Amino acid sequence: AKEAGRATYRFFTPELNRRASDRMWTENNLRRAMANNELELHFQPQFSLDDRRLVGAEALVRWRQPDGTLIMPGQFIPVAEDTGLILPLGDWVLGEACRRVSELLRHRDLLIAINLSAVQVRRPGLAERVAGWLSAYGIPPSALELEVTESVLMDESDVVSETFSQLREMGVPLAIDDFGTGYSSLAYLKRFRVDKLKIDRSFVSGLRADDPDSGAIAEAIIGMARSLRMQTLAEGVETEEQYNCLAAMGCDQCQGYLLGRPMPYEDFLEFVRRDVAT
Ligand code: C2E
Ligand code: CA
Ligand code: CA
Ligand code: CA
């Protein structure tokens, strides 16, 4: 047993050490990064599926280091959630998104989707923060859409249901992100009455025109959403074949590398301007 223990120790330690020190580095530097304005929002365009019209964008956070290197959210959002830094970070995202929306609305009607962490939704006062940013930038609640994952719906706490009903009363649309990958019961969907389901990329990537089974889950989600009067948006659409399958199923909207990657604000603004001109 002692031999085996030592072998395990030798095998796992370098990897665990590396991950622990990555996390420590991230935690130590993220605070400074926020103070130094190193975070930025990129925007990935979203389209109506029947006519490929631009309808909005999802705001995705990135960390631009002083040397120009871009750190992706997968590397720092989980650390921010564990350390509580997600609260100031999430509030910055909300404010920055509203600032950008107020500029974008001068060019075109758009809907900007913002990711909320479960930690943010479980903390009292989120609806007030959103209301504060909306009025600070003078934008209508219908110009935003707040994305939460299924796990948030299953939260039993009064805080979550109170926040959801406040946001709904304010007229801020709500979407379920990565739909189909969590464990939510369909009953929760009726209880919380969200506006949109975002079909996870894992149900989109395998779509084949010559294989009806490949679309079984996406089709079931679209059918259910329709009967509950919710919109659907397919994530991670990379090919024309996937696009055509989703169009045939009656999916409402899509986003993905096929029609547009996440891009810095200035590039998205250019994208919107070109769209207005055509
Ligand atoms: P998500 O909300 O599911 O965002 C979609 C992710 O898929 C983005 O990764 C996007 O760049 C990527 N993606 C978009 N289209 C395609 C495609 O066609 N193919 C493939 N392979 N990927 C595609 P990103 O930007 O690295 O974000 C990762 C995750 O980080 C997000 O997943 C979201 O959960 C989280 N995140 C990003 N920004 C924020 C934020 O402001 N707040 C919070 N709480 N979480 C955020
Ligand atoms: Ca999202
Ligand atoms: Ca997603
Ligand atoms: Ca995700």
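Atoms within each ligand, like the ligands themselves, are counted from 1 in listed order. In this text the structure is predicted, and so the values were computed from the model without any measurement.
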Original post:
Taking all atoms of both residues into account, what is the closest heavy-atom pair of V204 and E235, and its distance?
Top reply: CG2-O, 3.4 Å
Subject >> Contact atoms of ligand 1, heavy-atom distance to E238 under 4.0 Å >> reply: 17 (C), 18 (O), 19 (N), 20 (C), 21 (N)
Original post:
Just which atoms of ligand 1 are under 4.0 Å from any heavy atom in M72?
Top reply: 26 (O)
Subject >> Heteroatom distance test (E58, ligand 1): nitrogen or oxygen, under 3.5 angstrom >> reply: yes
Original post:
Is V130 reachable from W92 through a run of I, L, V, M, F, W or Y residues, each pair having side-chain heavy atoms under 4.5 Å apart?
Top reply: yes
Original post:
Which ligand 1 atoms are under 4.0 Å away from a heavy-atom of V93?
Top reply: 41 (O)
Original post:
What do you reckon, does E235 put a non-hydrogen atom under 4.0 Å from ligand 1?
Top reply: yes
Original post:
Which pairs count as ring-ring contact (aromatic ring centres under 6.0 Å, His included) when at least one residue sits in residues 130-171, sequence neighbours excluded?
Top reply: F164-F192
Original post:
Side chain or backbone of Q44 under 4.0 Å from ligand 1, or both, or neither, by non-hydrogen atoms?
Top reply: side chain
Original post:
Would you call the rings of F76 and W63 parallel, tilted or perpendicular, where under 30° means parallel and over 60° means perpendicular?
Top reply: perpendicular
**OP:** Number the atoms of ligand 1 from 1 as they appear, then name those within less than 4.0 Å of a heavy atom of G236, with their elements.
**Re:** 16 (C), 17 (C), 18 (O)
Subject >> Shortest non-hydrogen contact from Y188 toward M154 >> reply: CE2-CA, 3.8 Å
Original post:
For the residue pair L54 and P45, what are the closest heavy atoms and their distance?
Top reply: CD1-CB, 3.5 Å
**OP:** Check whether the side chains of T83 and E27 place a donor and an acceptor atom closer than 3.5 Å, and report yes or no.
**Re:** no
Original post:
For ligand 1, which atoms, with element, lie under 4.0 Å from some heavy atom of P262?
Top reply: 11 (O)
Original post:
Quick one: does Y257 get an N or O within less than 3.5 Å of an N or O on ligand 1?
Top reply: yes
**OP:** Output the list of atoms in ligand 1 that are nearer than 4.0 Å to some heavy atom of V61, sorted by atom number.
**Re:** 38 (N), 39 (C), 40 (C), 41 (O)
Original post:
Between K198 and D178, is the closest basic N to carboxylate O distance under 4.0 Å?
Top reply: no
Original post:
So, is R201 polar-close to ligand 1, with some N/O to N/O distance under 3.5 Å?
Top reply: yes
**OP:** Indicate, as side chain, backbone, both or neither, the part of D177 found under 4.0 angstrom from ligand 1 when only non-hydrogen atoms are considered.
**Re:** side chain
**OP:** Search all heavy atoms of I222 against all heavy atoms of M249 and return the closest pair with its distance.
**Re:** CG2-O, 3.5 Å
**OP:** Using a strict cut-off of 4.0 Å, indicate which atoms of ligand 1 neighbour a heavy atom of G256.
**Re:** 15 (N), 18 (O)
Original post:
Do we see a donor-acceptor contact under 3.5 Å between the side chains of E58 and N115?
Top reply: yes
Original post:
So which N/O/S atom does D177 have closest to the Ca ion (ligand 2)?
Top reply: OD2
**OP:** Could you confirm whether D178 has any N/O/S atom lying under 3.0 Å from the Ca ion (ligand 3)?
**Re:** yes
Original post:
Does ligand 1 have any atom sitting under 4.0 Å from a heavy atom of H42?
Top reply: no
Subject >> Shortest-distance N/O/S atom, E147 versus the Ca ion (ligand 2) >> reply: OE1
**OP:** Show which atoms of ligand 1 fall inside a sub-4.0 Å distance from at least one heavy-atom site of D178.
**Re:** 3 (O)
Subject >> ring pair (Phe, Tyr, Trp, His ring centres under 6.0 Å) partners of Y243, counting only residues at least two apart >> reply: none
**OP:** Compare every heavy atom of P173 with every heavy atom of D195, then report the nearest pair and how far apart it is.
**Re:** OD2-CA, 3.3 Å
Original post:
Can you tell me the N, O or S atom of E58 that's nearest the Ca ion (ligand 2)?
Top reply: OE2
Original post:
Does Q255 come within less than 4.0 Å of ligand 1, judged by its heavy atoms?
Top reply: no
